[in-house]
Amino acid sequence: MTERSALGAQVAGIVGGGSMGGAIARGLVESGSLAAERVLVADHGQEHRRALAELGIRTFPDEGELLAEEPGVVVLAVKPQVLPQVMASVAPSCAGRLVISIAAGVPLSALEAALPGARLVRAMPNLPVQVRSGATVLATGPTATPADVELARELFLALGAASVMREDQLDVAGAAVGCAPAFFALFVDALTRAGLRAGLPAAGCRELVETTMRGCAEQLLDEGVHPRAYLERVTSPGGTTAAALFALEPALVEGSYAAVDAALARTRELAGA
Ligand SMILES: NC(=O)C1=CN([C@@H]2O[C@H](COP(=O)(O)OP(=O)(O)OC[C@H]3O[C@@H](n4cnc5c(N)ncnc54)[C@H](O)[C@@H]3O)[C@@H](O)[C@H]2O)C=CC1
Ligand SMILES: O=C(O)[C@@H]1CCC=N1
């Protein structure tokens with residue numbers, strides 16, 4: 001019998017139960033990492049609260065009521081644009097507490113200024129944390145203790161992969177990995193539309209593409225094969241995939257570079273906001 005983990009003994013208070021806050025809450029409960037009654041979520045939206053409450057998660061209409069429960073770790077999961085007002089409201093209750101912000105672009109220096117006395121960690125997760133296949137990068141401020149960093153890492157490891165990096169690298173991870181679920185979903189949609197346009201039946205076309213994406217992800221991860229070696233397996237010399245890759249690769253590579261650059265530029269704008 002192993003000792004109860006540091007995470008399992010915690011109460012996590014998540015401020016903002018939208019796409020990411022909700023995904024983290026669900027992932028923690030559905031992975032069995034935290035009992036539902038140890039996950040608290042504050043959200044203005046009744047619909048978000050109702051959906052989370054169905055899992056046994058304790059929900060609150062605003063952050064003040066959540067902080068009154070004195071959670072051991074606070075996760076700030078509201079939009080960067082509303083974060084300043086949320087931090088102003090929670091600052092007195094966050095002093096001496098571990099606070100993890102997942103807001104894109106908001107630097108540790110801004111968190112430190114707004115939350116005096118809090119022990120601060122930044123995290124950049126992505127949406128598949130909800131199904132425990134997320135990827136999270138963490139960066140820590142000088143106020144966080146080694147135990148805080150370990151707890152934050154444990155929390156996100158329960159939801160997939162998690163690594164600690166420098167803060168500038170976290171911002172790049174936000175652009176390349178935080179946004180990536182949207183990139184992959186866009187590719188699935190584009191490929192589905194291309195298949196439909198070329199004559200595949202509407203029923204089932206998207207499912208064929210989605211099943212293929214899941215299979216490829218599994219093979220790449222399970223075998224540890226390099227993506228270029230993997231695509232060689234699909235590509236016969238002079239065959240159909242070779243013709244397709246010749247058409248696709250330049251646009252996809254250029255588009256990926258441009259997408260990450262654009263996301264990073266927006267991250268820097270948000271940091272300066
Ligand atoms: N959606 C994603 O894939 C990712 C989002 N993030 C970051 O996560 C944060 C949240 O993003 P999303 O979940 O996408 O936004 P969202 O809009 O889906 O969720 C934010 C939630 O905060 C709630 N809210 C606003 N003010 C509040 C308050 N004072 N008290 C309690 N709840 C309040 C809103 O009702 C909303 O449901 C952002 O800072 C974003 O940069 C980071 C990584 C990935
Ligand atoms: O678009 C956003 O603001 C968030 C940050 C990373 C992914 N989605």
Side-chain angles (χ1 to χ4, degrees), residues 12-28 39-53 57-69 71 74-91 93-94 99-108 110-111 114-115 120-131 133-139 152 155-156 159-162 165 167 169-186 259-271 273:
I14 303 172
V15 180
S19 298
M20 268 312 299
I24 291 170
R26 284 189 177 82
L28 287 172
V39 179
L40 321 178
V41 177
D43 199 285
H44 290 331
Q46 200 175 357
E47 206 34 52
H48 285 149
R49 294 202 305 275
R50 192 196 53 72
L52 294 166
I57 289 169
R58 294 165 62 202
T59 63
F60 302 84
D62 71 67
E63 66 277 5
E65 288 181 45
L66 181 147
L67 264 299
E69 298 287 319
V74 177
V75 179
L76 298 176
V78 296
K79 293 286 188 201
Q81 292 86 344
V82 299
L83 188 60
Q85 77 203 50
V86 169
M87 289 197 293
S89 139
V90 300
S93 323
C94 284
V99 178
I100 302 174
S101 167
I102 66 164
V106 182
L108 282 162
L111 302 174
L115 298 172
L120 293 162
V121 172
R122 269 187 80 192
M124 186 46 62
N126 62 16
L127 203 54
V129 291
Q130 183 169 334
V131 291
S133 289
T136 302
V137 168
L138 300 160
L155 190 154
F156 285 100
L159 306 176
M165 293 189 188
E167 190 175 22
Q169 293 171 324
L170 176 145
D171 286 329
V172 178
V177 183
C179 300
F183 304 161
F184 292 141
L186 185 66
V260 171
D261 285 351
L264 260 180
R266 182 64 187 138
T267 304
R268 288 178 187 131
E269 282 172 12
L270 288 169

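Ligands are counted one by one from 1 in listed order, and the atoms in each one are counted from 1 as well. One is the number of the first residue; the rest follow in order along the sequence.
One distance of note links CE of M20 with NZ of K79; it measures 10.5 Å at 0.5 Å rounding. In this structure, CZ on R58 lies 14.0 Å from CG on L52, to the nearest 0.5 angstrom. With values rounded to the nearest 0.5 angstrom, Q169 atom CD is found 11.0 Å from E167 atom CD. Here CG of L138 is found 7.5 Å from CG of L170. Values are rounded to the nearest 0.5 Å.
Distance from atom 38 (C) of ligand 1 to its nearest protein heavy atom, with residue and atom name: V78 O, 3.3 Å. For atom 4 (C) of ligand 1, the nearest non-hydrogen atom of the protein is M20 CG, 2.9 Å. Protein heavy atom nearest atom 31 (C) of ligand 1, with residue, atom name and distance: A42 O, 3.4 Å. Nearest protein neighbour of atom 22 (O) of ligand 1, counting heavy atoms only, is G16 CA, 3.5 Å. Closest to atom 6 (C) of ligand 2 among all protein heavy atoms lies G178 C, 4.0 Å. Looking only at protein heavy atoms, the nearest one to atom 29 (N) of ligand 1 is E63 OE1, 3.0 Å. Atom 18 (O) of ligand 1 has its closest protein heavy atom at S19 N, 2.9 Å.
Among V82, D43, I24, the residue whose heavy atom sits closest to atom 35 (O) of ligand 1 is D43. Ranked by closest heavy atom to atom 20 (C) of ligand 1, the top entry among G21, A182, A77, G134 is A77. Heavy-atom proximity to atom 16 (P) of ligand 1, evaluated over K79, Q81, M87, is greatest for K79. Nearest residue to atom 6 (N) of ligand 1 from I102, L127, V129 is I102 (criterion: closest heavy atom).
A donor-acceptor pair is defined here as one N or O able to donate and one able to accept, closer than 3.5 Å; no such pair exists between the side chain of R266 and the backbone of A175. Looking at N126, its side chain does come within 3.5 Å of a backbone N or O of A135 through a donor-acceptor pair. One N or O on the side chain of D62 and one on the backbone of E65 form a donor-acceptor pair closer than 3.5 Å. Formation of a donor-acceptor pair under 3.5 Å by the S89 side chain with backbone atoms of Q85 is not found in this model.
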Side chain to side chain contact (heavy atoms under 4.5 Å, CB included) between T59 and D43, intermediate numbers included | CA-CA 8 Å; T59 63; D43 199 285; over 6 Å; no

Output, in order, the C-alpha distance, side-chain angles, deciding distance and verdict of side chain to side chain contact (heavy atoms under 4.5 Å, CB included) for V137 and F156.
-> CA-CA 9 Å; V137 168; F156 285 100; over 6 Å; no

Stepwise side chain to side chain contact (heavy atoms under 4.5 Å, CB included) test for V90 and L115 = CA-CA 8 Å; V90 300; L115 298 172; 4.1 Å; yes

Start with the C-alpha gap between M87 and L111, add the side-chain angles, then the distance that decides, and say whether side chain to side chain contact (heavy atoms under 4.5 Å, CB included) holds.
-> CA-CA 8 Å; M87 289 197 293; L111 302 174; 3.6 Å; yes

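Between L40 and P71, the shortest heavy-atom distance links the atoms CD1-CB, 4.3 Å.
Using a 4.0 Å cut-off to heavy atoms of A104, the atoms of ligand 2 that qualify are 5 (C). The atoms of ligand 1 that sit less than 4.0 Å from any heavy atom of G18 are 13 (O), 18 (O), 19 (O), 21 (C), 37 (O). Remark: ligand 1 atoms within the under-4.0 Å shell around heavy atoms of M124 are 42 (C), 43 (C). Every atom of ligand 1 with a heavy atom of V86 under 4.0 Å away is listed here by number and element: 29 (N). Listed by atom number, the atoms of ligand 1 under 4.0 Å from P125 heavy atoms are 43 (C), 44 (C). Heavy-atom contacts of A104 reach the following atoms of ligand 1: 39 (O), 41 (O) (cutoff under 4.0 Å).
Distances between N or O atoms of H48 and those of ligand 1 include at least one value under 3.5 Å. Taking only nitrogen or oxygen atoms, main chain and side chain alike, D62 does not reach within less than 3.5 Å of ligand 1. At under 3.5 Å, not a single nitrogen or oxygen of P61, backbone or side chain, sits near a nitrogen or oxygen of ligand 1.
Proximity of P80 to ligand 1, defined as any heavy-atom pair under 4.0 Å, is shared by backbone and side chain alike.
Note that atom 4 (C) of ligand 2 has no protein non-hydrogen atoms nearby, at separations under 4.0 angstrom.
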